[in-house]
Enquirer: 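Input: one structure, supplied below.
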Amino acid sequence: MVVPVQKDRKHTTSLSSSLARRIEQLILDGTLKSGKPMPSERQLSERLGVSRNILREALKELRGRGVIDTQHGRGSIVKGLVPNLEQGSALTHLFREHPRTLYDLLEVRELLEGRAAYLAADRGTEEDFHRITHAFEAMEQAGQESTDPLKAAKLDHAFHQTISEASHNPVLVHTLQSLMELMLNSVLASVNNLYHREASKKKIDRHHRQIYNAVMSRQADWAQKAATAHIRNVRERLLEIEQEEQRLDRSSDWERLLQ
């Protein structure tokens with residue numbers, strides 16, 4: 001009687017470990033997103049074709065490795081693969097107190113988001129393109145109807161984020177997610193300083209549409225060039241404003257921005 005039980009336990013452990021690796025791959029692929037609740041145990045067991053017991057063992061293994069966290073009332077949450085910058089961190093302090101770091105961040109965005117657009121055009125799925133289209137249309141519609149800079153900044157950032165997620169490069173995706181607060185604040189600086197200038201706003205809108213069209217038509221080189229040109233233009237325009245001795249508006253309510 002003892003031997004079969006040991007075999008069963010070894011078999012269960014093997015299945016749960018294999019399932020844990022499958023779930024990790026879903027996280028790496030971006031199917032299960034960091035910071036978001038995972039489907040319920042019933043939904044996961046049905047989708048993955050495993051028993052609830054095996055699934056629970058796999059989730060326990062992932063919790064032990066720090067990949068997921070279980071919160072009361074929310075179920076299992078995917079943890080970020082790259083540590084998020086906290087509001088009290090040295091980098092967020094420097095960003096808020098020293099204007100030059102805004103341009104440093106825009107240089108990083110130019111590099112990372114240019115490559116993300118290239119990979120999105122090359123690797124994006126139909127589901128990715130559906131999300132990108134939804135984000136693009138929401139951003140365009142809000143630009144015509146809303147004057148709320150926080151809303152505009154969030155929708156602008158969401159558009160770029162859906163493109164980065166479509167890159168299916170987990171390191172790139174999670175690196176950008178770890179910088180989310182700083183990214184949002186850089187977008188808000190753009191909204192506050194450029195959106196009310198008609199020529200600048202038209203150019204930003206044109207760049208967004210070029211990025212969208214390039215990604216959707218799977219023209220990877222064009223997508224990278226369009227995304228790079230967009231971020232570079234924002235950076236150059238903000239520098240021009242500063243050089244014209246106009247006050248660069250970097251003020252924001254960080255808590256509201258992240259809600």
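As the structure is a prediction and not an experimental result, all values here were calculated from the model.
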Enquirer: Nearest 0.5 Å, what's the CG-CD distance between D156 and Q161?
Expert: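 Spacing of CG (D156) from CD (Q161) equals 12.0 Å.
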
Enquirer: Counting C-beta onward and ignoring hydrogens, is there a side-chain heavy-atom pair between L155 and K151 closer than 4.5 Å?
Expert: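 Heavy-atom side-chain distance check passes, below 4.5 Å.
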
Enquirer: If every non-hydrogen atom of L194 is compared with every non-hydrogen atom of S200, which pair is closest and at what distance?
Expert: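 Result for this residue pair: O-CB, 3.6 Å.
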
Enquirer: To the nearest 0.5 Å, what is the distance between CG on L176 and NE2 on H160?
Expert: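 So the gap between those two atoms works out to 11.0 Å.
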
Enquirer: CG of N192 to CD1 of I241: how many Å apart, nearest 0.5 Å?
Expert: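 Separation between the atoms: 10.5 Å.
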
Enquirer: Indicate whether any N or O donor in one side chain lies under 3.5 Å from an N or O acceptor in the other, for Y118 and S167.
Expert: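 No, S167 and Y118 have no side-chain donor paired with an acceptor closer than 3.5 Å.
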
Enquirer: Does a side-chain heavy-atom distance below 4.5 Å link P39 with L32?
Expert: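 Answer yes - side chains close enough.
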
Enquirer: About how many Å separate CZ of R63 and CZ of R56, when rounded to the nearest 0.5 Å?
Expert: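 The CZ atom of R56 sits 10.5 Å away from the CZ atom of R63.
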
Enquirer: Taking N193 for its side chain and A189 for its backbone only, find out whether a donor-acceptor pair lies under 3.5 Å.
Expert: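 Yes, the answer is positive, given that a donor and an acceptor are paired below the 3.5 Å cut-off.
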
Enquirer: Take L59 and I23 through the test side chain to side chain contact (heavy atoms under 4.5 Å, CB included) and record every step on the way to the result.
Expert: CA-CA 9 Å; L59 295 178; I23 295 173; 4.2 Å; yes

Enquirer: Between K202 and D205, is there a side-chain N and carboxylate O pair less than 4.0 Å apart?
Expert: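 No salt bridge links K202 with D205.
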
Enquirer: So, does R131 use its side chain to make a donor-acceptor pair with the main chain of T162 at under 3.5 Å?
Expert: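 Absent.
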
Enquirer: Would you please indicate yes or no on a ring centroid separation below 6.0 angstrom for F136 and H208?
Expert: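 No; F136 has its ring centre 6.0 Å or more from that of H208.
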
Enquirer: Taking NZ, NE, NH1 and NH2 as the nitrogens, is one of them in E110 or R235 under 4.0 Å from a carboxylate oxygen of the other?
Expert: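 Salt bridge between E110 and R235, a charged N being under 4.0 Å from a carboxylate O: no.
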
Enquirer: Any chance you could measure L119, atom CG, to I163, atom CD1, to the nearest 0.5 Å?
Expert: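 Here the interatomic distance stands at 12.0 Å.
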
Enquirer: Any chance you could lay out the side chain to side chain contact (heavy atoms under 4.5 Å, CB included) test for L238 and L106, step after step, and finish with the verdict?
Expert: CA-CA 10 Å; L238 292 178; L106 287 168; 3.9 Å; yes

Enquirer: With side chain to side chain contact (heavy atoms under 4.5 Å, CB included) as the test, would you mind laying out the steps for S190 and I204 before giving the verdict?
Expert: CA-CA 10 Å; S190 171; I204 289 172; 3.9 Å; yes

Enquirer: Should R65 and E24 count as an ion pair when the cut-off is N to O under 4.0 Å?
Expert: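 Here R65 pairs with E24 in a salt bridge, since their nearest N and O are under 4.0 Å apart.
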
Enquirer: Any luck finding a side-chain donor-acceptor pair between S17 and E61 under 3.5 Å?
Expert: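 Side-chain D/A pair, S17 to E61: present.
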
Enquirer: Can you see whether E127 engages T125 through a side-chain donor-acceptor pair at a distance of less than 3.5 angstrom?
Expert: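 Looking only at side-chain atoms, T125 and E127 do not form any donor-acceptor pair under 3.5 Å.
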
Enquirer: Say whether L111 and I231 are linked into one hydrophobic cluster, either directly or through other cluster members, by side-chain heavy-atom distances under 4.5 angstrom.
Expert: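 In one cluster: no.
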
Enquirer: With a 4.0 Å cut-off on N to O distance, would you call E240 and R237 a salt bridge?
Expert: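 The answer is yes: the pair qualifies as a salt bridge.
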
Enquirer: Do the side chain of S18 and the main chain of S14 share a donor and acceptor less than 3.5 angstrom apart?
Expert: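 Not confirmed, S18 side chain does not pair with S14 backbone.
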
